[in-house]
Amino acid sequence: MSQSNLKSMFSNYVDKESVFKNKDALTTNYKPDNILHREQQINDLGSILAPSLKGNDPSNVFLYGSVGTGKTLIVKHVKGELKTVAKDKDIDLNVLYINCKMKKVADTEYRLLAKLARQLGEDVPSTGLPTDEIYNRFFEALKEQKGVVIIALDEIDALVKKVGDEFLYNLTRINDDLDETKVSILGISNDLNFTEYMDSRVKSSLSEEEIIFPPYNAIELREILKERTDKAFVDDALKDGVISKCSALAAQEHGDARRALDLLRVAGELAERSETDLIEKEHVDRAQDKIERDRVVETVRSQPKHSKLVLYTILDMTEDEDKIATGDVYSEYKDLCTEVDVSELTQRRVSGLISELDMLGVINAKVISKGRYGRTRQISVDLSESIRGQLEKMVEDNFYLEDE
DNA sequence: AGTCCACAGGAAGGGCAGGCGA
DNA sequence: TCGCCTGCCCTTCCTGTGGACT
């Protein structure tokens, strides 16, 4: 694009009417005034946590529901209301909220405790201290608090699967050693079978109360989207059927409201870029494709270099063959390592990397037995040509640059 | 009924980077 | 500076296993 073209593009962009009135209304951080189809859960959580306003420690609660079923939204909403009332009536009440899945922030026991301590006003280093020291500092900070402290741990299943449930046990027992502070845990899990991973002692004390968040159905999603579109888009920006299409697609995908909102937002962005002021169904299809592509590419980008090499090998091999086995991948991968002059990892590690790529949803791997011919993973790739191309290019660029 | 393949996947631990406290 | 800590990536060693073959 020449410089004058760019200039006119910018100028057109400024002059053009946007389809969006307030794009924030379609993001996950947006707090709608009216939360639809979750009255029951709000009331349940509210009544469980209400005793905290009288200085009593509420029961520990566990919220279950898959991605995009409104758990986080409801917790933040109830947290806000609680804090407002506590402030009005001058009650000692603190609610901490932490997402345990945030990389480099709260994805280990140490980081979680450090983050909690920091939220209580303690100054702690991000690394370097022994874990029991960080625990002590957190404990001291709690002591200072007085009143009730509710600790909301979002995506707690991810952390427990990673580091075990020891830290949860410690947290649930912390009240035994505190006099003036009362701690209550609010766990939020995407995995409904999560408690299977936990020790029964932790399980019973943590899930004194449980609230289930069922997936939204297509009709509920449509109402949610309708409400948000009125705020997010200018009038007449959407063609008929766009909202229904977004809701239907998201309903298929486990009733995920987040996905529905993303679809609508990206469809709007795509429409805007294609210089039209009407969002059509076709934009939703393209949005679906773009979201998936961005997700996969970003996931792979953050993987270690050998994971990229293994994926590259798999992509290359599945061009010709539908399904391949771990052993085949490993020998091809070794050749690739020689080619790019990188020392190869062991089969054990490569096996682990394949399993990680499977869990991340980048490839499909299924353990099968071929009887006399052993047990292996059957690996296949279900990605569109454009995603494949983008991934291959990323790895090629990566290693070309590292060679220099 | 027993064997045996080709791995899966758990456990333990090494080595390194980044960081703290004395 | 040194000793120590955690997190991360990785290796080594190991046991487990579904089902075709004998």
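The model shown is predicted, which means the values in this text are computed figures rather than measured ones. When reading the values below, keep in mind they use all heavy atoms of this one structure, side chains included, and skip hydrogens, waters and symmetry mates. Letters A, B, ... mirror the listed sequences (proteins, then strands); counts begin at 1.
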Out of [options], which has the shortest distance to the side chain of [X]?
X      : options               : value
A:Y373 : C:dA20, B:dC7, B:dG9  : C:dA20
A:L345 : B:dG9, C:dT11, B:dC7  : C:dT11
A:H306 : C:dT11, C:dG7, C:dC10 : C:dC10
A:R375 : B:dA8, B:dG10, C:dC9  : B:dA8
A:R137 : B:dG21, C:dG7, B:dA8  : B:dG21
A:R377 : B:dC7, B:dA8, C:dA20  : B:dA8

[N] OP1/OP2 closer than 4.0 Å to side-chain N/O of [X]:
X      : N      : value
A:S351 : B:dA8  : yes
A:R111 : C:dC8  : yes
A:R348 : B:dG9  : no
A:T326 : B:dA8  : yes
A:T346 : C:dT11 : yes

Could you state the [atom1]-[atom2] distance from [X] to [N], rounded to the nearest angstrom?
X      : N      : atom1 : atom2 : answer
A:I324 : B:dC7  : CD1   : P     : 12 Å
A:Y330 : C:dT11 : OH    : P     : 8 Å
A:E344 : C:dC9  : CD    : P     : 20 Å
A:K305 : C:dC8  : NZ    : P     : 19 Å
A:R349 : C:dC8  : CZ    : P     : 12 Å
A:L353 : B:dC7  : CG    : P     : 16 Å
A:I379 : B:dA8  : CD1   : C1'   : 12 Å
A:R372 : C:dT17 : CZ    : C1'   : 15 Å

Residue pair A:L264 / A:V242, side-chain heavy-atom distance below 4.5 Å: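 Answer yes - side chains close enough.
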Side-chain contact test, heavy atoms from C-beta onward, threshold under 4.5 Å: evaluate it for A:D191 versus A:Y64 and give yes or no.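 No. Closest side-chain heavy atoms not under 4.5 Å.
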Tell me whether the rings of A:F233 and A:F20 are parallel (<30°), tilted (30 to 60°) or perpendicular (>60°).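 Rings of A:F233 and A:F20: parallel, as their planes differ by under 30°.
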Sugar-phosphate, base or nothing in reach of A:E133, heavy atoms under 4.0 Å: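 Touches nothing.
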ring-ring contact (aromatic ring centres under 6.0 Å, His included): pairs with one or both residues in residues 107-132 of chain A, sequence neighbours excluded: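 As it turns out, there is no ring-ring contact (aromatic ring centres under 6.0 Å, His included) pair with a partner in residues 107-132 of chain A once direct neighbours are skipped.
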Pairs touching residues 76-93 of chain A that satisfy side chain to side chain donor-acceptor pair (under 3.5 Å), sequence neighbours left out: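 As it turns out, there is no side chain to side chain donor-acceptor pair (under 3.5 Å) pair with a partner in residues 76-93 of chain A once direct neighbours are skipped.
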